[in-house]
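What follows is a set of notes on a single structure, which appears directly below.
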Amino acid sequence: MNTILKVKNLEQRFELDKGILGKIKFKNGKFVKEERIVRAVNDISFSVDKGKVFSLVGESGCGKSTTARTIIKLIEPKGGTVEFAGENITDLTRTEMLKYRKRMQMIFQDPYASLNSKQKVLNIITEPMLFHGVAASKSEAKEKALDILGKVGIRPEQATRYPHQFSGGQRQRIGIARALAVEPEFIIADEPVSALDVSIQAQILNLLMDLKKEYNFSYLFIAHDLSVVKHISDDLGVMYLGKIVEKGSKVNIFDNPLHPYTKALFSSVPKLSGTNLKNSKGIRGEIPSSINLPSGCYFHDRCPYAKQICMEKMPTEREVENGHFVLCHLY
Ligand code: SF4
């Protein structure tokens with residue numbers, strides 16, 4: 001079996017203004033409770049092959065990070081299924097999820113917020129090792145932790161320091177070491193470089209790729225910047241308002257982007273101005289609220305190619321060429 005993660009028809013939504021009173025409004029002479037639901041992830045499907053990197057890209061607020069948190073069940077899915085290594089993990093309890101938590105790890109955008117500021121780095125790495133039984137004793141855990149820290153570029157004498165004594169880039173290295181500590185097969189990297197200086201971003205991306213070569217991980221990589229995912233991805237999904245509007249191999253999407261939103265994303269990356277995207281029109285307007293999703297195609301009010309049908313009917317996903325899928329009435 002070549003697939004490590006299979007996500008099918010995944011949905012995530014959040015109710016706002018919960019509680020007895022909720023959001024009460026006075027309408028037509030009476031008080032009514034207004035239900036507001038954020039539809040963050042809307043029926044998405046994709047899979048990640050073993051040893052490969054699948055990247056989800058899109059503007060902030062498009063549902064990428066919520067997708068990641070739903071897959072790893074930090075939030076319970078509201079619909080659809082998640083299969084990991086052939087097992088359906090969608091409805092597992094917290095206890096049942098523990099063995100999968102060891103196999104699936106997450107690297108967060110803000111390494112400082114995700115590290116316990118009261119713990120020394122060595123403890124941050126050894127604690128999950130001991131919890132998940134990766135090391136049988138404290139001394140074995142310490143030896144393994146120092147080895148992992150060395151791999152991510154943290155020296156042994158730095159292991160007794162606290163997270164605040166490190167730079168942003170070093171903290172992200174510690175976050176990566178913590179993920180590696182439990183010997184996972186699959187890593188979700190949620191915007192791991194977007195909080196870092198450009199000069200540090202390349203170092204962290206190179207580190208992630210070197211580690212992938214060494215350990216043969218599979219990655220789900222979340223980013224809003226196409227230039228970040230260009231070098232590391234095997235496959236790509238482009239997200240807009242909780243939908244995957246285009247997915248395929250990196251070559252498919254970088255050489256022949258089809259969806260108007262993907263084209264617009266490319267046109268907003270200055271470095272790519274020499275590609276075949278000269279005619280793309282850029283992204284106009286603001287991303288609509290995921291509380292009041294537009295009718296029809298969610299992109300219609302920003303799309304330069306929108307037709308009447310786009311406002312009325314959500315397109316059906318089509319496979320335009322081998323493994324290259326697009327959600328647009330133009331295809
Ligand atoms: Fe544009 Fe219509 Fe395609 Fe949506 S379905 S991206 S509005 S052309």
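If you read the sequence from its start, that first residue is 1, and numbering goes on from there. As the structure lists them, so they are numbered: ligands from 1, and atoms in each ligand from 1.
For the pair Lys247 and Phe325, the cation sits on the ring face: its NZ or CZ lies under 6.0 Å from the ring centre, inside 45° of the axis.
Using the six-membered ring where Trp is involved, Phe54 and Phe46 have ring planes that are parallel, under 30° apart on the 30 and 60° scheme. Taking the six-membered ring for Trp and thresholds of 30 and 60 degrees, Tyr162 and His164 have nearly parallel ring planes, at less than 30 degrees apart.
Atom 4 (Fe) of ligand 1 has no N, O or S atom of His259 under 2.8 Å away, backbone or side chain. Because the distance cut-off is set at 2.8 Å, Cys328 qualifies as a neighbour of atom 3 (Fe) of ligand 1 through one of its N, O or S atoms. Under 2.8 Å from atom 2 (Fe) of ligand 1 lies no N/O/S atom of His329, from backbone or side chain alike.
Per-residue contacts place His300 under 4.0 angstrom from the following atoms of ligand 1 (heavy atoms of the residue considered): 7 (S). Near Cys297, meaning under 4.0 Å from any of its heavy atoms, are these atoms of ligand 1: 4 (Fe), 5 (S), 6 (S), 7 (S). Less than 4.0 angstrom separates some heavy atom of Leu330 from each of these atoms of ligand 1: 8 (S). Atom numbering of ligand 1 starts at 1 in the shown order; those under 4.0 Å from a heavy atom of Cys303 are 1 (Fe), 6 (S), 7 (S), 8 (S). Every atom of ligand 1 with a heavy atom of Cys310 under 4.0 Å away is listed here by number and element: 2 (Fe), 5 (S), 7 (S), 8 (S).
Side chain to side chain, His224 and Glu191 meet the donor-acceptor criterion of an N or O pair below 3.5 Å. In this model, a donor atom of one side chain and an acceptor atom of the other lie less than 3.5 Å apart for Asn256 and Glu321.
Remark: Lys212 pairs with no residue by the salt bridge (Lys or Arg N to Asp or Glu O under 4.0 Å) rule, at least two apart or across chains.
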